[in-house]
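Quick notes on the structure that follows.
Sequence lines set the chain letters: A, B, ... in the order given, protein chains first and strands last, and positions in each chain run from 1. Computed from heavy atoms alone, side chains included, the values below leave out hydrogens, waters and symmetry copies.
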Protein chains: 2
Amino acid sequence: MNEHFPIDRRSGISAWKQIADQISRSIRSGEYDETGMVPPETVLAERFGVNRHTVRNAIAALAEDGMLRRVQGRGTLIEKRERLVYPVGRRTRFSDGLGSQAHDLEMRLLSTRSVPASEQVAAALGIPATQSIVLKLDTLSLADGEPISLSTHYFDQRRFPDMASHFERHHSITRALVEQGVEDYFRVSTEVTGRLATSEESVRLRLASTAVVLETLAVNAESSGQAIQFSRTIFAAERITLRLDTQGL
Amino acid sequence: MNEHFPIDRRSGISAWKQIADQISRSIRSGEYDETGMVPPETVLAERFGVNRHTVRNAIAALAEDGMLRRVQGRGTLIEKRERLVYPVGRRTRFSDGLGSQAHDLEMRLLSTRSVPASEQVAAALGIPATQSIVLKLDTLSLADGEPISLSTHYFDQRRFPDMASHFERHHSITRALVEQGVEDYFRVSTEVTGRLATSEESVRLRLASTAVVLETLAVNAESSGQAIQFSRTIFAAERITLRLDTQGL
DNA sequence: AAAGATTTGTCCGTATGTATG
DNA sequence: ACATACATACGGACAAATCTT
């Protein structure tokens, strides 16, 4: 393979960072699986067309993250990981879907706020576009301690005034909804787009700067068809595959 | 709202890049939908705690991408680039799904080949892993002349020996299947992953070198449940949003 | 129509960080 | 360790275009 991207000096990203990202990506794509090692610094330097010092900087950053381990006289060893499969279906639930693939699932509450509903949110929730107040819940999901996704959930303030406190007690949206009289709910629609992570997302999801994320917009509704939740979720693409099952009917 | 993250000076990402990312994200989240404009440079500079020139750099980068347009004396206008929505559901068809959103849909045949089935392909098609021959169809799909996706479709050679010629006549998989006795078929499963485009994909889809793609693995089956098609499709993420329909499941 | 406020465009210069040899 | 080159970031001043009063 060896298809590396050229280093872009005007991208606003320093050369060592770009190289670190590409090495990281090569590792993830399994390019070095045979040896379990990264090529020698001199080889990488020539391949990327940079000085060996720059490659050393890149490797140092990855070693800092624990992705690589440098051993003098031997080379640079790799530590690796797989993607989790996140099922998206009519009954999508965060913990149900990933439960079998990770030992420890965690959903951290980052912030809660009441804000006026934007047009998009109001339309999704089926509430008036003006003068509607929605509850905004920011959460970070982790699997075995590794950040998986960053979500913003919107609920109608009038319908679920105590969403925040219920969620803080259970750390689960499903349970918080049950406590507020929602017996069951369904995923109505999910839109998926792919893009580069913003710097903020890279920090929060512990990703490299040129990492890719999947952004999903989802609407959940009660059996009656009434929308109760609108969510924007940013998945770390390198750790997640979304699977849509359309088998049943 | 207005919750901007502080600029990280030690991240290896320049300030203007981080600011560009945050502005880009704010636009996507609809924060500026009311005015259709980005706040004045002086305001952004103060908000991010940087010099106005740095903000100008960030805006210049976004304007380069066509996301913003600057007008002297007036402000910086948002140019929302809309993506086509590609519905993925039980009855996913290329032309049906996009037909209403583009005037001209085209599916070009890049190559056809008969090859031994790989393990993955054989498993998906439900045929023996060894000594099975599959027909490999590479296609490029365009909407209004713009490349949308790059696909590789696999069919059991024994079941559809004339797939290539039928496809070349109709430029449609659905019609080619009909001619070979498949009255109807259904999407069984779809896996979605996000990643950076390879250099070859960038050329074929006319994308920048660091563009993002959505890679989908899909299996189609007849009413009987027998798998008839396995496809790997690479979507230009900047032009497509996948919509996973879970309404009628 | 004129004046003033707002906002982007452009120029100067200086300092710092990054990459190379 | 040092010299060099380049991109990045900051600070200030003014011009040009646009909008409001």
Side-chain angles (χ1 to χ4, degrees), chain A residues 4-24 26 38-65 68 70 76 196-200 202-203 208-210, chain B residues 2 4-24 26-27 31-80 208-210:
Chain A
H4 291 285
F5 293 96
I7 302 305
D8 186 350
R9 304 276 182 187
R10 292 178 198 176
S11 62
I13 304 170
S14 39
W16 66 263
K17 185 79 175 163
Q18 294 184 51
I19 290 167
D21 289 344
Q22 291 203 38
I23 292 175
S24 169
S26 292
V38 165
E41 294 170 357
T42 50
V43 174
L44 289 174
E46 192 181 5
R47 194 176 292 174
F48 287 111
V50 300
N51 195 280
R52 176 169 163 251
H53 298 311
T54 310
V55 170
R56 282 186 62 77
N57 260 340
I59 291 178
L62 294 173
E64 190 84 13
D65 286 359
L68 296 177
R70 320 168 84 150
T76 307
L196 291 176
T198 66
S199 49
E200 166 221 332
S202 295
V203 171
S209 67
T210 61
Chain B
N2 287 353
H4 291 285
F5 288 79
I7 303 305
D8 185 351
R9 304 274 182 185
R10 291 177 203 173
S11 61
I13 307 170
S14 45
W16 67 261
K17 179 75 175 165
Q18 295 183 51
I19 291 166
D21 286 345
Q22 292 204 36
I23 292 174
S24 169
S26 292
I27 290 170
E31 187 171 332
Y32 307 132
D33 278 4
E34 292 175 24
T35 59
M37 292 174 60
V38 165
E41 295 167 355
T42 51
V43 174
L44 289 173
E46 194 182 4
R47 195 177 291 172
F48 286 113
V50 300
N51 192 275
R52 178 176 159 237
H53 295 305
T54 308
V55 170
R56 281 184 62 76
N57 257 340
I59 291 177
L62 294 173
E64 189 87 11
D65 285 0
M67 180 173 259
L68 297 177
R69 195 175 85 248
R70 311 210 264 192
V71 181
Q72 189 172 148
R74 204 135 68 95
T76 305
L77 286 66
I78 297 170
E79 308 258 332
K80 242 185 207 160
S209 62
T210 59

Donor-acceptor under 3.5 Å (S26(A) side chain, Q22(A) main chain): yes
Sequence-aligned protein contact record of nucleotides 9-21 of chain D, with B where the base is within under 4.0 Å of a protein heavy atom and S where only the sugar-phosphate is: SSBBB--BBBS--
Spacing between I59(B) atom CD1 and dT8(C) atom C1', to the nearest angstrom: 9 Å
E46(A) and T42(A): CA distance, side-chain angles, deciding distance, side chain to side chain contact (heavy atoms under 4.5 Å, CB included) verdict: CA-CA 6 Å; E46(A) 192 181 5; T42(A) 50; over 6 Å; no
Donor-acceptor under 3.5 Å (S14(A) side chain, W16(A) main chain): no
Heavy-atom check, side chain of I23(A) versus side chain of L44(A), under 4.5 Å: yes
Separation of atom CD1 in I78(B) from atom C1' in dT8(C), rounded to whole Å: 16 Å
Interatomic distance where CG belongs to L44(B) and P belongs to dT6(C) [whole Å]: 17 Å
Spacing of I7(A) atom CD1 relative to dA19(C) atom C1', expressed in whole Å: 12 Å
Spacing between R56(B) atom CZ and dT8(C) atom P, to the nearest angstrom: 8 Å
Complementary nucleotide for dA1(D) - Watson-Crick or wobble, under 3.5 Å: none
dT8(C) OP1/OP2 closer than 4.0 Å to side-chain N/O of T76(B): yes
Below 3.5 Å, can you tabulate the donor-acceptor pairs from side chains in residues 51-71 of chain B to any protein atom, sequence neighbours excluded?
residue	atom	partner	partner atom	Å
N51(B)	OD1	H53(B)	N	2.9
R52(B)	NE	E41(B)	OE1	2.7
R52(B)	NH2	E41(B)	OE1	3.0
R56(B)	NH1	E41(B)	OE1	3.3
R56(B)	NH1	E41(B)	OE2	2.9
R69(B)	NH1	E79(B)	OE2	2.1

